[in-house]
Amino acid sequence: LPSQNCSGAGRVMPDPNETCLEPSVLKQHKLLGCDLNLLNHDSKTWQSHHEYVMRSLEGAAILAERPRFRVLRIFTVRRVTDEFRFATKYEQDTNKLLLWHGLPLEGCASTLAHGLQLPPPEAPDGSADFGKGLYFTDMASATATGIHGRRLLLLAEVALGSHRTLSEPMPGADPTKLLPRSLKCSSVFGCGAVGPDPALGVELLPDCTRVPAGMPVHVKKQAGMLLPHNQYVIFDATRVRMRYLVEVVSETVPRRSLGGC
């Protein structure tokens with residue numbers, strides 16, 4: 001996701017050669033219908049989100065000997081339709097968290113253009129632990145895997161509402177069985193073996209989003225616990241709005257392989 005700040009205001013222009021204003025490039029960028037702005041490293045927003053990223057990545061690396069990553073760039077993401085819909089429907093929801101969602105490089109443009117979507121009914125269940133939903137996690141390390149160690153991580157604000165806690169996967173389960181009306185729940189929380197220290201609660205960031213505050217720890221294992229990390233699953237795409245796009249790379253990848261980044 002190369003970028004060039006042509007206006008000085010942080011607007012992203014996808015030009016790797018830094019020769020902006022090429023009509024075809026600008027046309028492709030406008031077709032996304034999504035505002036992307038590159039955060040300045042000196043801003044409080046960049047610093048707070050960088051800390052959130054590294055807290056998860058470094059903590060997980062220590063616990064599970066995962067590869068170490070560094071942050072290349074952080075972009076703000078804004079889709080006007082999502083912003084209006086989310087603010088209108090879930091302003092009063094007190095259980096909103098900023099959570100991670102893996103974003104394959106090949107699917108990045110489609111997701112930015114159309115937003116996060118539920119799998120279609122005809123899609124196979126695959127290996128999804130709780131059926132056809134949108135999956136998020138509080139562990140950046142769980143999504144930071146990819147070819148040559150380079151990865152785009154999406155930070156999305158999710159209106160979780162009341163959640164049902166489960167510790168065992170229920171692959172292929174229908175949402176109506178996972179969240180029957182009698183429970184009055186809007187999301188599933190899959191309790192994993194590793195996650196941010198729950199004793200530290202949540203932290204309010206400068207942009208008024210809430211994130212888990214603790215370093216990753218091994219959660220006290222319960223009978224039947226099979227999930228490696230915490231999962232948050234929703235079955236209504238209106239409950240999420242994309243907020244940030246974080247580009248990370250494994251420290252083991254030579255800098256020359258990153259296209260000059």
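Count residues from 1 along the sequence.
Here CD1 of I234 is found 11.0 Å from CG of L179. Values are rounded to the nearest 0.5 Å. For the atom pair OG of S43 and NE2 of H50, the computed distance is 11.5 Å after rounding to the nearest 0.5 Å. Note that the CG atom of L97 and the NE2 atom of H163 stand 9.5 Å from one another [nearest 0.5 Å]. Rounded to the nearest 0.5 angstrom, L160 CG and C185 SG are separated by 11.0 Å. Taking CG from D35 and CG from L112, the interatomic distance works out to 11.0 Å, rounded to the nearest 0.5 Å. Summarising the geometry, atom CZ belonging to R239 is positioned 12.0 Å from atom CG belonging to L134; distances are rounded to the nearest 0.5 Å.
By the 4.0 Å N-to-carboxylate-O rule, E203 lies too far from R210 to be salt-bridged with it. Using a cut-off of 4.0 Å between Lys/Arg side-chain N and Asp/Glu carboxylate O, D93 and K96 are scored as not salt-bridged. The existence of a salt bridge linking R243 and E157 is confirmed by a sub-4.0 Å separation between a basic side-chain nitrogen and an acidic carboxylate oxygen.
For T238 and K89, the side-chain atoms include at least one donor-acceptor pair closer than 3.5 Å.
At least one donor-acceptor pair closer than 3.5 Å links the side chain of N95 to the backbone N or O of G161. For the pair Y90 (side chain) and V240 (backbone), a donor-acceptor distance under 3.5 Å is absent.
Of the candidates I74, L153, V53, L154, I74 is the only one forming a side chain to side chain contact (heavy atoms under 4.5 Å, CB included) with Y244.
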- Test salt bridge (charged side-chain N to carboxylate O under 4.0 Å, His left out) on K132 and D174 and set out the steps. CA-CA 8 Å; K132 296 177 182 178; D174 188 272; over 6 Å; no
- Task: Go through R241 and R79 one step at a time and tell me if the side-chain contact (heavy atoms from CB on, under 4.5 Å) criterion holds.
- Result: CA-CA 8 Å; R241 63 173 169 177; R79 296 186 74 250; over 6 Å; no
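In this view, D138 and N230, Y232 satisfy the side chain to side chain donor-acceptor pair (under 3.5 Å) rule, not counting sequence neighbours.
Under the 30°/60° scheme for interplanar angles, the aromatic rings of H41 and W46 are found to lie parallel.
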